[in-house]
Student: 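Below you'll find the structure I mean.
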Amino acid sequence: EEGEDQMSEEEIQMDCEKTEKKEFSRGFRILLYFAIANTGFAGLSAIYYIPWALRNHGWEMDGMTYFCWNCMFYVIMLFCFIILVKIAVSKRPFSGALVTLFYGVGLLFITGSAIFPSLPGYTRPHMLSGVEGGFYIDMIPFMAGLVLVLFGRILRYGFEYQKEMDSIL
């Protein structure tokens, strides 16, 4: 029975029509452009602020702790601005750019939590871990960084799965 080994035409129907690419909703576009404007302002300010503050010993005005995390904030906003613009241009919010954002910001927090406490004048936070007279880690930004890296990893798996599903379909 040759017909039993082959599926009937009704059983194998596939929809091969190309679907239109979905546009961002109006609310999402408003939030995205608002975020781009704000992160752009803060991030582009970093280009001026950080060199100025380094030349003028900004840590003497505000204290080392505030200075370090303020510089970190500006760098993160610049990074977010670049990634948000990339998302707006590509019209793909769930992409490798978002994974890069989570990884990058997480790694910046982890790096800052390990480097900043060793700087002179850094105020010891309540959650500081390390060896007396040696290496310290500011645990609050360290934990935030770990969570962001973990979310980046989860997003990466989701992104890879989505690409695999898109290639199958």
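We're numbering straight along the sequence, starting at 1.
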Student: Check whether any side-chain heavy atom of F81 lies under 4.5 Å from a side-chain heavy atom of M77, and answer yes or no.
Tutor: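 No, their side chains stay 4.5 Å or more apart.
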Student: Side-chain contact test, heavy atoms from C-beta onward, threshold under 4.5 Å: evaluate it for R153 versus F102 and give yes or no.
Tutor: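 No, every pair of side-chain atoms sits at 4.5 Å or beyond.
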Student: If I take atom CG from residue L150 and atom OH from residue Y103, how far apart are they, to the nearest 0.5 angstrom?
Tutor: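 So the CG of L150 and the OH of Y103 are separated by 9.0 Å.
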Student: Can you name the closest pair of heavy atoms from A97 and I83 and give their distance?
Tutor: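 Looking at all heavy atoms of both residues, the shortest contact is O-CG2, 3.4 Å.
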Student: For P117 and G112, work out which heavy atoms get closest and say how close.
Tutor: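 Here P117 and G112 meet closest at CD-O, 3.7 Å.
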Student: Should V147 and I110 be regarded as members of a common hydrophobic cluster, given that ILVMFWY residues are connected when their side-chain heavy atoms come within less than 4.5 Å of each other, either directly or indirectly?
Tutor: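 Yes, because V147 and I110 connect within a single hydrophobic cluster, where side-chain heavy atoms sit under 4.5 Å apart.
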Student: Ignoring hydrogens, what is the shortest heavy-atom contact between P141 and S113? Give both atom names and the distance.
Tutor: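 Shortest heavy-atom contact: CG-CB, 3.9 Å.
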Student: For residues L78 and F41: do they belong to one hydrophobic cluster (side chain heavy atoms under 4.5 Å, members Ile, Leu, Val, Met, Phe, Trp, Tyr)?
Tutor: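 No; tracing contacts between hydrophobic side chains, which count when under 4.5 Å, never links both residues.
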Student: Would you say L146 and Y157 are hydrophobically clustered, going by side-chain heavy atoms of ILVMFWY under 4.5 Å?
Tutor: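 No, because L146 and Y157 fall into different hydrophobic clusters, even though each may have its own neighbours under 4.5 Å.
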Student: Report yes if the side chains of T111 and L108 come closer than 4.5 Å at any heavy-atom pair, otherwise no.
Tutor: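 Side-chain contact under 4.5 Å: no.
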Student: Do W59 and L54 make a side-chain contact, defined as non-hydrogen atoms from C-beta onward lying under 4.5 Å apart?
Tutor: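 Yes - at least one pair of side-chain heavy atoms lies under 4.5 Å apart.
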Student: Is the count of non-hydrogen atoms from other residues, nucleotides or ligands lying under 6.0 Å from F151 atom CZ greater than 12?
Tutor: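 Atom CZ in F151 is not crowded, with 12 or fewer foreign heavy atoms closer than 6.0 Å.
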Student: Tell me whether F142 is reachable from F73 by hopping between hydrophobic residues (I, L, V, M, F, W, Y) whose side-chain heavy atoms are closer than 4.5 Å.
Tutor: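 Linked, F73 and F142 end up in one cluster.
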Student: Rounded to the nearest 0.5 Å, what separates atom CZ in R156 from atom OG1 in T100?
Tutor: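 Rounded to the nearest 0.5 Å, the CZ-OG1 separation comes out at 11.0 Å.
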Student: Verify, without hydrogens or angle tests, whether N56 (side chain) and W52 (backbone) share a donor-acceptor contact under 3.5 angstrom.
Tutor: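 Side chain of N56 to backbone of W52, a donor-acceptor pair under 3.5 Å: yes, one is there.
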Student: Under the rule for side chain to side chain contact (heavy atoms under 4.5 Å, CB included), what residues qualify as partners of L32, not counting sequence neighbours?
Tutor: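 Partners of L32 by the side chain to side chain contact (heavy atoms under 4.5 Å, CB included) criterion, ordered by chain and then number, come out as F24, F28, I36, L84, A88.
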Student: Check side-chain hydrogen bond (donor to acceptor under 3.5 Å, both in side chains) between W69 and all other residues, then give those that pass, not counting sequence neighbours.
Tutor: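 Testing W69 for side-chain hydrogen bond (donor to acceptor under 3.5 Å, both in side chains), a comparison that skips the adjacent residues, returns Y122.
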Student: Is any side-chain heavy atom of I50 closer than 4.5 Å to a side-chain heavy atom of V75?
Tutor: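 They are in side-chain contact.
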Student: To the nearest 0.5 Å, tell me how far L98 CG sits from F159 CZ.
Tutor: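 If we round to the nearest 0.5 Å, L98:CG and F159:CZ are 10.0 Å apart.
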Student: Tell me the closest heavy-atom pair linking Y74 and A42, and the distance in Å.
Tutor: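 Scanning both residues, the minimum pair turns out to be CD2-O, 3.1 Å.
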Student: Would you check, one step at a time, whether the test side chain to side chain contact (heavy atoms under 4.5 Å, CB included) holds for I76 with F109?
Tutor: CA-CA 9 Å; I76 289 171; F109 270 113; 3.9 Å; yes
Student: Taking side chain as C-beta onward, heavy atoms only, is L31 less than 4.5 Å from R29?
Tutor: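 Result no, sub-4.5 Å side-chain heavy-atom pair not found.
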Student: Within this structure, what is the OG-CG distance for the pair S118 and D138, rounded to the nearest 0.5 Å?
Tutor: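 Reported value, rounded in 0.5 Å steps: 11.5 Å.
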Student: Taking all non-hydrogen atoms of both residues, which atom of A53 and which atom of F67 are closest, and how far apart?
Tutor: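 Nearest heavy atoms, A53 then F67: CB-CE1, 3.3 Å.
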Student: Side chains of C80 and L101, heavy atoms from C-beta outward: is any pair under 4.5 Å?
Tutor: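 Yes; the side chains approach each other to less than 4.5 Å.
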Student: Going from CZ on F34 to CG on N38, what distance comes out if it is rounded to the nearest 0.5 angstrom?
Tutor: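 Between atom CZ of F34 and atom CG of N38 there are 4.0 Å.
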Student: Is M61 reachable from L119 through a run of hydrophobic residues whose side-chain heavy atoms are each under 4.5 Å from the next?
Tutor: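 Yes.
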Student: Show the numbers, then the answer: is there a side chain to side chain contact (heavy atoms under 4.5 Å, CB included) between F116 and T65?
Tutor: CA-CA 8 Å; F116 295 166; T65 305; over 6 Å; no
